[in-house]
Amino acid sequence: VYSYEPGSKERELLINELERMSKEKIEIPLIIGGKEVWTGKTGLSVTPHEHGHVLAEYHKAGEVEVRMAMEAALAAHHDWESMPWIERVSIANRAAELIRHKYRYILNAATMLNQSKTAHQSEIDAACEVADFMRFNSFFMHLIYAEQPCSAPGIINRMEYRALEGFVLAVTPFNFTSIAANLPTAPALMGNTVLWKPASSSVFSGYYLMRLFKEAGFPDGVINFIPGPGAIVGDLVLQEPMLAGIHFTGSTDVFRGIWRSVGENIAMYRSYPRIVGETGGKDFVMVHASADVQATAVGLVRGAFEYQGQKCSAVSRAYIPRSLWPKVKALMLEMLAEIKIGSPRDFTNFMNAVIDEAAFERIMDYIKIAEESTDTDILFGGNGDMSSGFFIEPTVVLARDPHFITMEEEIFGPVLTIYIYDDREFEQTLHLCNETSPYALTGAIFAHDRQAIIQASKILSYAAGNFYINDKPTGAVVGQQPFGGSRASGTNDKAGSHLNLHRWTIPRVIKENLYPPTDFHYPYMEE
């Protein structure tokens, strides 16, 4: 991970790429079967921190193009699945090497501009994690293929890992370029062909990923890039009999709608589609009276407000004991007062803009509810300004009701709600935390008391798929903390591990008998 500190070569190279991209406006086509497709129905890719600045005009898929993409994916399926797995690994590793060199600053700059991320947030996402997914998924695929059944004397057993029969639909979110890379490439590495629908607000960075995939050697038709309205793309694909799988990251409501449609159409599919999804979160930090106050305050500020809280794993609610609250509050307010907000091109800014006007208005609506309630106090922030960019201050809400709306509903923005509990009610508060939200993505416990840590881990066992001890609940690393949650947070198939890749293959067991019987009689049949 590059630090981009002042005077460094990487900082200079990144600034140069930001300058180059900012000066040009490009036109982005669909890419279907390796060919550029221009539909004439277009949308705009803008910089959220300067929403009048257009980075690109992109073409949208309609019914004709979606059908073309399905045909292209099915046409490419046989040759891609038949390719020796080591060749697919070689393509993925070439992509990782291209990121280390040629594409590092391209992907970083595109993500900083299109998704309004700081250099640090973009580096760990668009460069490092994309490369990690390519390398680790290749390694995990090797482990899967190496998993073979036992053989007995005279019998040879082997497991064959086939691609799914059909194609996979990958639907990716705006907030992580690495997720946009992993969702189509994970199934592809296992021999599948893919339709990739990127989020409309991150088509710009998605297009540069698509160029990376092509240069790395993914054959035409293996990954088909079809930005467009979800209603058009989704409705058509979900009615296609050869739909074999869905790899999704996005809202819980959309995912439930997809699952419902698959259920309604289940009789028409060639096989039961694999459905893998990571959706919402209402991520928590539980603080025990034995916690380190400084570490707790830093964990809350970073966990809640890095990337404007637009992470599925961002801290959105915290439970703090009354004995520690004065010190935690003082430290947090001191840190928040230092935070600068603005363009990611100014490297001194800790926060940038939220993604678009709809997000700005939704987040500000929640803040307004908190401002007008007698059950809450706004301790910091609360203001927003979208005159030039979609900027919202880091906002801390103190709730006297542990079931206040901002303690329960996903906001997906820079809003942290805190509930103060009596030190003697630690166990009751753990149960409260477990039962408050329908989500179960990430959570953390800050404590030095080992018994408190064990107790929290047990009571919150189903409250988070990724659980952190004395650390913020964000920043999962591929191969180290495989990511995913359950309940309303998704299927918990753990991106960044072999568990996810297992979902994109259909095993076949082959038994070879070296000495087949030549007589139908069994010994028990003797007189």
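Everything numeric in this text was worked out from a predicted model, so none of it was measured.
- Looking only at atom types and distance, the side chain of Asn383 has a donor-acceptor partner in the side chain of Glu393 under 3.5 Å away.
- Between Val203 and Phe174, every side-chain heavy-atom pair lies at or beyond the 4.5 Å cut-off.
- With a 4.5 Å cut-off on side-chain heavy atoms, Glu50 and Thr47 count as touching.
- Using a 4.5 Å cut-off on side-chain heavy atoms (C-beta onward), Leu209 and Val130 make contact.
- By the 6.0 Å and 45° rule, Arg104 stacks over the aromatic ring of Tyr2.
- Between Phe225 and Tyr207, the two ring planes are tilted [angle within 30° to 60°].
- Contacts of Ser388 classified as side chain to side chain contact (heavy atoms under 4.5 Å, CB included), with partners at least two apart in sequence or in another chain: Phe391.
- Side-chain polar atoms of Thr118 and His120 form no donor-acceptor pair below 3.5 angstrom.
- Side-chain N or O atoms of Thr172 include none that pairs as donor or acceptor with a backbone N or O of Ala180 at under 3.5 Å.
- Residues Glu57 and Thr42 have side chains that bring a donor and an acceptor to within less than 3.5 angstrom of each other.
- Contact annotation: the side chain of Phe255 approaches that of Ile275 to within less than 4.5 Å [non-hydrogen atoms, C-beta and beyond].
- Considering Gln308, Lys311, Gln115, Gln310 in turn, Lys311 is the only one that fulfils the side chain to side chain donor-acceptor pair (under 3.5 Å) rule with Gln121.
- A cation-pi arrangement is present between Lys117 and Tyr307, with the terminal nitrogen or guanidinium carbon under 6.0 Å from the aromatic centre and inside a 45° cone about the axis.
- In this structure the side chain of Met332 never reaches within 4.5 angstrom of the side chain of Lys329, judged on heavy atoms.
- Note on ring orientation: taking the six-membered ring where Trp is involved, the planes of Phe213 and Phe218 are perpendicular (angle over 60°, cut-offs 30° and 60°).
- For the residue pair Asp283/Ser316, the side-chain donor-acceptor check at 3.5 Å is not satisfied.
- Under the side chain to side chain contact (heavy atoms under 4.5 Å, CB included) criterion, Ala92 pairs with Met134, Ser138, Leu189, not counting sequence neighbours.
- Looking at Asn108 and Glu17, their side chains never come closer than 4.5 Å, going by heavy atoms from C-beta outward.
- For the residue pair Ser178 and Asp125, a side-chain donor N or O sits within less than 3.5 Å of a side-chain acceptor on the partner.
- A heavy-atom distance below 4.5 Å is found between the side chains of Asn466 and Phe483.
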Report task. Output, in order, the C-alpha distance, side-chain angles, deciding distance and verdict of salt bridge (Lys or Arg N to Asp or Glu O under 4.0 Å) for Lys23 and Glu19. Result -> CA-CA 6 Å; Lys23 287 182 177 179; Glu19 185 72 14; 3.4 Å; yes
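- Residue-environment remark: CZ (Arg302) stays at or below the threshold of 12 foreign heavy atoms within 6.0 Å.
- Between Phe347 and Tyr4, the ring-plane angle classifies as perpendicular under the 30° and 60° cut-offs.
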Requested in this report: Step by step, work out the salt bridge (Lys or Arg N to Asp or Glu O under 4.0 Å) result for Glu97 and Arg135.
Outcome: CA-CA 10 Å; Glu97 281 300 308; Arg135 294 193 189 282; 2.4 Å; yes
Report task. Let me see the working for Arg317 and Lys282 under side chain to side chain contact (heavy atoms under 4.5 Å, CB included), right down to the final yes or no. Result -> CA-CA 7 Å; Arg317 55 189 170 118; Lys282 190 64 180 175; 3.6 Å; yes
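- Classified by interplanar angle (parallel below 30°, tilted 30° to 60°, perpendicular above 60°), the ring pair His142/Phe139 is tilted.
- In this structure, a donor-acceptor pair under 3.5 Å is present between the side chains of His59 and Glu27.
- Under the 30°/60° scheme for interplanar angles, the aromatic rings of Phe204 and Tyr208 are found to stand perpendicular.
- In this structure, the side chains of Leu212 and Leu107 come closer than 4.5 Å at one or more pairs of heavy atoms.
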